[in-house]
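Following: one structure in structure tokens, then a few remarks.
Within every chain, numbering begins at 1; the chains are lettered A, B, ... in the order of the sequence lines, protein sequences first and strands thereafter. Bear in mind that the values here come from a model prediction, so they are computed numbers and not experimental data.
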Number of protein chains: 2
Amino acid sequence: MGTRQSAIIHRTIESLAGHPTAEDIYLQAKGELPHIAMGTVYRNLNAMVEAGEIRKLHTPEGPDRFDSITTRHDHLVCDGCGRIDDVMVDGVEALVEAAAGEGYRGYELEVHHLCEKCRAGGVPDRR
Amino acid sequence: MGTRQSAIIHRTIESLAGHPTAEDIYLQAKGELPHIAMGTVYRNLNAMVEAGEIRKLHTPEGPDRFDSITTRHDHLVCDGCGRIDDVMVDGVEALVEAAAGEGYRGYELEVHHLCEKCRAGGVPDRR
DNA sequence: TTAACTGCAAATCTTTTGCACAATC
DNA sequence: GATTGTGCAAAAGATTTGCAGTTAA
């Protein structure tokens with residue numbers, strides 16, 4: 001079932017907490033398979049997104065991030081350090097569905113805040 | 001008050017309906033000022049975003065888009081053709097605020113659907 | 001005149017792709 | 001043996017940036 005690289009990439013994205021970038025995954029995988037190529041990582045990641053196994057997140061600045069949790073959840077983005085946490089905002093779906101009408105397919109909700117660390121450290125927010 | 005280019009860029013983004021890309025704005029502005037440079041467009045656009053005069057939208061594929069409407073509103077994205085419309089989903093803010101806690105700064109809600117045209121035309125959705 | 005802004009082109013960064021070779025079925 | 005996937009390197013796409021020259025205050 002699949003190649004060595006594919007297995008490693010699957011395993012890696014599961015093991016990496018948070019929302020790793022393709023490069024995070026690449027570097028991690030390189031530890032196990034030093035000749036693995038960036039292109040291979042992207043190809044596999046994209047295939048997994050296509051298959052609905054993982055999600056791709058687009059960030060304001062910097063590279064895309066990948067999310068191995070595919071159950072319904074939202075994201076809490078720190079405008080200071082860029083850190084992304086998972087969060088659940090209940091009750092949104094009904095509102096959205098009503099507004100979208102026919103053809104509705106889903107939604108993405110991004111909550112912005114300044115995390116505790118950034119508030120404490122006086123980190124200037126980036127937007 | 002500002003340069004000729006800045007004025008044109010301001011005017012252009014106001015006049016362009018929808019959610020134009022930097023290139024859309026560049027091409028339009030070129031009509032008035034044939035030597036205007038892409039870098040100038042980006043620099044001005046970024047300054048306007050910084051100043052809170054416009055918003056920047058990140059799209060899954062393709063370049064960023066700019067939105068001259070800064071009042072609270074959400075986006076309805078067609079997964080078929082990529083078209084972005086404005087939409088209002090009321091009642092979300094209270095839910096989000098409660099979930100975010102201290103440090104809350106705002107949210108972005110993207111509703112995905114297949115627009116009428118794409119449903120009729122049998123356009124395969126892109127995600 | 002000084003400071004801010006522009007045009008141009010090159011650089012950067014992220015992601016994709018062509019192709020010859022290797023691994024899998 | 002045929003197909004599918006990989007490594008490598010080059011290409012592509014979007015955005016930023018250095019710098020010399022221009023424009024605005």
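The CD-P distance, from B:E61 to D:dG13, rounds to 14 Å in whole Å. Taking atom CD1 on B:I25 and atom P on D:dT15, their separation rounds to 11 Å, with Å as the unit. Atoms CE (A:M48) and P (D:dG5) sit 14 Å apart, rounded to a whole Å. Remark: P of D:dA14 and CG of B:L45 are 15 Å apart, rounded to the nearest angstrom. One atom, OH of B:Y26, and another, P of D:dA14, lie 14 Å apart when rounded to the nearest Å.
Here the OG1 atom belonging to A:T21 is positioned 7.5 Å from the CG atom belonging to A:L27, to the nearest 0.5 angstrom. In this structure, OG on B:S15 lies 5.0 Å from CD on B:Q28, to the nearest 0.5 angstrom. Taking CE of B:M38 as the start and CZ of B:R43 as the end, the distance is 12.0 Å to the nearest 0.5 Å.
Within a 6.0 Å radius of CD in B:E97, more than 12 heavy atoms belonging to other residues, nucleotides or ligands are found.
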Legend entry - Protein-to-nucleotide contact annotation, 5' to 3' order, nucleotides 1-14 of chain C [B base; S sugar-phosphate only; - none; under 4.0 Å, heavy atom]: ----SSBB-----S
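Between A:N46 and C:dT16 there is a side-chain polar atom (N or O) within less than 4.0 angstrom of OP1 or OP2.
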Legend entry - Check against side-chain hydrogen bond (donor to acceptor under 3.5 Å, both in side chains), A:H19 and A:D24: CA-CA 9 Å; A:H19 302 82; A:D24 293 334; over 6 Å; no
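We find that A:R4 and A:E32 are not joined by a salt bridge, their nearest charged nitrogen and carboxylate oxygen being 4.0 Å or further apart.
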